[in-house]
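Below you'll find the structure, written out as structure tokens, and then a few comments.
Lettering follows sequence order; numbering is per chain, from 1. Not measured: the values here are computed from a predicted model.
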Number of protein chains: 2
Amino acid sequence: MRAVLLSFMAQYSAQLTGIFVALSDPTRRAVLGQLGKGPTSVTELAKPFDMALPSFMKHIRMLEGSGLIRTRKSGRVRTCALEKKPFAVAEAWLSAQRAGWEQHTDRLEQFVLAT
Amino acid sequence: MRAVLLSFMAQYSAQLTGIFVALSDPTRRAVLGQLGKGPTSVTELAKPFDMALPSFMKHIRMLEGSGLIRTRKSGRVRTCALEKKPFAVAEAWLSAQRAGWEQHTDRLEQFVLAT
DNA sequence: CGCATGGTTAGCGCAAGGGCTAACTATTTC
DNA sequence: GAAATAGTTAGCCCTTGCGCTAACCATGCG
């Protein structure tokens with residue numbers, strides 16, 4: 001029961017870590033901004049950046065690994081699309097922090113914030 | 001004029017990078033959660049973590065470097081306190097993304113998101 | 001004064017991040 | 001079928017992140 005909660009927390013924390021790591025690079029943030037306009041192929045996405053394709057692909061893989069984008073290959077072209085849920089996860093953590101500033105009363109919340 | 005905007009964008013992007021890097025570590029997130037309850041000394045903050053002090057201090061320095069906390073030493077004890085503005089910066093970027101999903105019309109916004 | 005407490009500095013080790021080139025595979029397209 | 005296009009794989013380099021120990025101030029207290 002408590003073990004279940006702890007395991008949930010561990011996964012949640014790992015997911016948060018992945019998301020924030022992904023967001024911590026300007027190239028990846030720019031890619032996300034671009035994908036906000038709609039699904040795009042890798043080569044198309046890479047165009048604005050002065051970077052070799054393999055390097056760029058690492059960013060794509062990292063974005064996909066964190067769940068921030070979804071990717072599908074049809075024919076020889078891989079198309080990337082935004083995945084919106086992880087953004088909500090990040091926003092939720094931030095607003096949980098904010099919530100913590102105001103009231104320091106809820107014990108479960110304290111446990112969550114502290115883990 | 002345009003150069004000014006570009007320079008602003010560069011700093012903004014660097015700040016965002018710093019913030020997300022800082023948030024991408026579980027220990028640092030936990031510290032922030034703790035600091036939500038009020039200012040705390042380094043040793044006090046370090047207690048829950050099975051980590052040597054110098055290692056822990058690196059996290060503190062990184063949090064301070066990103067602007068997420070403020071730090072002041074009086075006597076032999078260094079006290080850390082939350083700095084709330086950077087949280088707003090992160091939230092602003094996330095909500096700008098969200099805004100980008102809905103309408104792709106504002107040209108300045110596109111420029112901002114893409115940089 | 002002398003010792004405990006709270007940080008700090010220096011240096012070391014390992015893993016991961018972010019970039020590259022070279023070479024290769026798998027589709028289209030002409 | 002040959003050549004261009006779109007990714008992929010492998011391997012290398014260098015920097016940074018995150019942990020450690022050992023040794024060193026600096027302050028507070030008995």
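- The structure places OG1 of T27(B) at 11.0 Å from CG of L32(B), a figure rounded to the nearest 0.5 Å.
- Note on ring orientation: taking the six-membered ring where Trp is involved, the planes of W93(A) and F20(A) are perpendicular (angle over 60°, cut-offs 30° and 60°).
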Identify the pairs formed between an N or O of the protein and an N or O of nucleotides 15-25 of chain C at a distance under 3.5 Å, and give each distance.
| unit_1 | atom_1 | unit_2 | atom_2 | d |
| --- | --- | --- | --- | --- |
| dG18(C) | OP1 | R28(A) | NH2 | 3.3 |
| dG18(C) | OP2 | R28(A) | NH1 | 2.8 |
| dG18(C) | OP2 | R28(A) | NH2 | 3.4 |
| dG19(C) | OP2 | H59(A) | NE2 | 2.2 |
| dG19(C) | O6 | K58(A) | NZ | 2.8 |
| dC20(C) | OP2 | A52(A) | N | 2.8 |
| dC20(C) | OP2 | S55(A) | OG | 2.7 |

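- Nucleotide dT9(D) holds its P atom 15 Å from the CD1 atom of I60(A), rounded to whole Å.
- Partners of V89(B) under the side chain to side chain contact (heavy atoms under 4.5 Å, CB included) rule, at least two apart in sequence or in another chain, are Y12(B), Q15(B), L16(B), I19(B).
- Rounding to the nearest 0.5 Å gives a distance of 10.0 Å between CD of Q97(B) and CD of E91(A).
- Using a 4.0 Å cutoff on non-hydrogen atoms, the parts of residues 70-83 of chain B near DNA chain D are G75(B), R76(B), ordered by number.
- Between the CG atom of L45(B) and the CD1 atom of I60(B) there is a distance of 5.5 Å, given to the nearest 0.5 Å.
- Distance check, rounded to the nearest 0.5 Å: CG of L23(B) to CG of L23(A) gives 9.5 Å.
- With 3.5 Å as the limit, one finds a donor-acceptor pair spanning the side chains of S13(A) and R29(B).
- In this structure, the side chain of R28(A) engages the main chain of V21(A) through a donor-acceptor pair within 3.5 Å.
- Protein atom CD of E44(B) is 14 Å distant from nucleotide atom P of dT5(C), rounded to whole Å.
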